[in-house]
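Shown next, in structure tokens, is the structure this report addresses.
Throughout, protein chains are lettered first and strands after them, A, B, ... in sequence-line order, and every chain is numbered starting at 1. Here the structure is a predicted model, which is why all the values come from computation and not from measurement.
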Protein chains: 2
Amino acid sequence: MLNLENKGKYIKANDCPIAATIDVIGGKWKPIIIWLLIQDVKRFGELHRSIPGIALKVMNRQLKELEADGIIIRTAYPEVPPRVEYALSEKGKTLTDIMKSLALWSTTNILESEKAD
Amino acid sequence: MLNLENKGKYIKANDCPIAATIDVIGGKWKPIIIWLLIQDVKRFGELHRSIPGIALKVMNRQLKELEADGIIIRTAYPEVPPRVEYALSEKGKTLTDIMKSLALWSTTNILESEKAD
DNA sequence: CGGTATCCGGCGGGATACTG
DNA sequence: CAGTATCCCGCCGGATACCG
């Protein structure tokens, strides 16, 4: 069981369960990808158009990593032209509340304080 | 107000409020540092001993970044030998629930699945 | 349409030595 | 005790060109 009062030592960064989760969702574009897939299943090109700044190869690697971590599911349809869809897995859907918390925190603690500048 | 149903485009990664929060807490050792400081105010050496794997320079930079982001407060006491204490700020304390969520998610979705290997 | 392959640069993180 | 200074390196992310 998780001991949230753990006062022990952390030899390796990954001994920290918080860091373990951030490893999964913390790629540069992963939060955006997950957020877009929370809203809807999306095709490859659709994702790419929704994130204009991202390089093709980078988007692909982030998608592969998310798939390897069981967060998203890739479905390729054997058609011509090919069609590939990306959807959140059940595990991925359990991230929804966390994503909302992270988004909410930044709007109240980062964006707000920038107004004061 | 935050539009959690935002279906717009993200030109830059940082347009994403989720990524903005991860930028703050996402350094390699920042989750551990924040977690330790949630439990208690700690001195520099005390932190260093609690995280044996971290290099001095790296820990210092992570602490400086956390301080710059308003998450922690550094207090130096003009004594000999010097004493420096690090504590969570009020803003930092608002991260507590998020940290617990992140820790809990990894224990149920990462550590559990590793057992199956 | 949905990808690989190749090459590259920067930055975060690290080991070691030195200092107020 | 609590830091800097210096040098180093691997990896993530990026631009461009090519492929099934």
Side-chain angles (χ1 to χ4, degrees), chain A residues 10-16 18-20 22-34 36-37 41-69 72-87, chain B residues 10-16 18-20 22-34 36-37 41-69 72-87:
Chain A
Y10 295 100
I11 309 290
K12 292 184 271 184
N14 227 14
D15 289 348
C16 177
I18 305 169
I22 295 182
D23 277 350
V24 172
I25 65 174
K28 179 164 182 181
W29 305 93
K30 286 181 189 177
I32 299 181
I33 294 172
I34 295 172
L36 290 170
L37 294 185
V41 172
K42 282 194 165 49
R43 297 181 58 170
F44 184 89
E46 208 174 347
L47 269 177
H48 190 230
R49 266 177 277 113
S50 297
I51 316 172
I54 196 173
L56 276 178
K57 192 197 71 172
V58 173
M59 188 173 100
N60 231 280
R61 198 173 52 205
Q62 306 259 322
L63 287 170
K64 279 211 163 71
E65 289 172 7
L66 287 171
E67 193 192 359
D69 285 330
I72 66 175
I73 295 171
R74 177 185 182 276
T75 310
Y77 297 90
E79 309 169 353
V80 181
R83 179 165 58 101
V84 178
E85 285 185 351
Y86 293 91
Chain B
Y10 295 99
I11 310 289
K12 292 183 274 184
N14 228 13
D15 289 348
C16 176
I18 305 170
I22 295 182
D23 277 350
V24 172
I25 65 173
K28 177 163 182 183
W29 306 94
K30 285 182 188 176
I32 299 182
I33 293 172
I34 294 172
L36 291 170
L37 293 185
V41 173
K42 281 195 166 46
R43 297 182 57 172
F44 184 89
E46 208 173 348
L47 270 177
H48 191 231
R49 266 176 278 115
S50 297
I51 316 171
I54 196 173
L56 276 179
K57 194 198 69 173
V58 173
M59 187 173 101
N60 231 280
R61 198 173 52 205
Q62 305 258 323
L63 287 170
K64 279 210 164 72
E65 289 172 6
L66 287 171
E67 193 191 0
D69 285 329
I72 66 175
I73 295 172
R74 176 185 182 276
T75 309
Y77 298 89
E79 309 169 351
V80 182
R83 179 165 57 103
V84 178
E85 285 184 352
Y86 292 90

The criterion is side-chain contact (heavy atoms from CB on, under 4.5 Å); which residues satisfy it with V58(A), sequence neighbours excluded? W29(A), I54(A), A55(A), Q62(A)
In Å, rounded to the nearest 0.5 Å, how long is the span from NE2 of H48(A) to NZ of K42(A)? 15.0 Å
Mind running a 4.0 Å heavy-atom check of residues 76-83 of chain B against DNA chain D and sending the residues that fall below it, in number order? P81(B), P82(B), R83(B)
Heavy-atom side-chain contact between L47(A) and L63(A) under 4.5 Å: yes
Going 5' to 3' through nucleotides 4-15 of chain C and flagging B where a protein heavy-atom sits under 4.0 Å of the base, S where only the sugar-phosphate is that close, and - otherwise, we get SBBB----SBBB
L36(B) versus I51(B): any side-chain heavy-atom pair under 4.5 Å? yes
At what distance, to the nearest 0.5 angstrom, does CD1 of I22(B) lie from SG of C16(B)? 7.5 Å
Flag the pair N60(B) / F44(B) as yes when at least one side-chain heavy-atom distance between them is below 4.5 Å, and no otherwise. yes
Which residue pairs pass the salt bridge (Lys or Arg N to Asp or Glu O under 4.0 Å) test with at least one member in residues 78-87 of chain A, sequence neighbours excluded? E79(A)-R83(A), R83(A)-E85(A)
With side-chain contact (heavy atoms from CB on, under 4.5 Å) as the criterion, how do K30(A) and L66(A) come out once you've worked through the C-alpha distance, each side chain's angles and the decisive distance to 0.1 Å? CA-CA 8 Å; K30(A) 286 181 189 177; L66(A) 287 171; 3.8 Å; yes
Quick check: does any side chain N or O of E67(A) sit under 3.5 Å from a backbone N or O of K64(A), one acting as donor and the other as acceptor? no
Look up atom CE in M59(A) and atom OG in S50(A), then write down how far apart they are to the nearest 0.5 Å. 9.0 Å
Take the C1' atoms of the five end pairs on each side of the helix from dC1(C)-dG20(D) to dG20(C)-dC1(D), derive the two axes, and give their angle rounded to 10 degrees. 50°
Using a 4.5 Å cut-off on heavy atoms from C-beta on, say whether the side chain of Y86(B) contacts that of L37(B). yes
Taking the side chain as C-beta and beyond, is there a heavy-atom pair between P31(B) and I25(B) under 4.5 Å? no
Whether R43(A) contacts dG2(C) is assessed here as follows: a side-chain N or O lying under 4.0 Å from the phosphate OP1 or OP2. Is that the case? yes
5' to 3' contact window, DNA chain D with chain A (heavy-atom distance under 4.0 Å): dC12(D) to dG20(D)
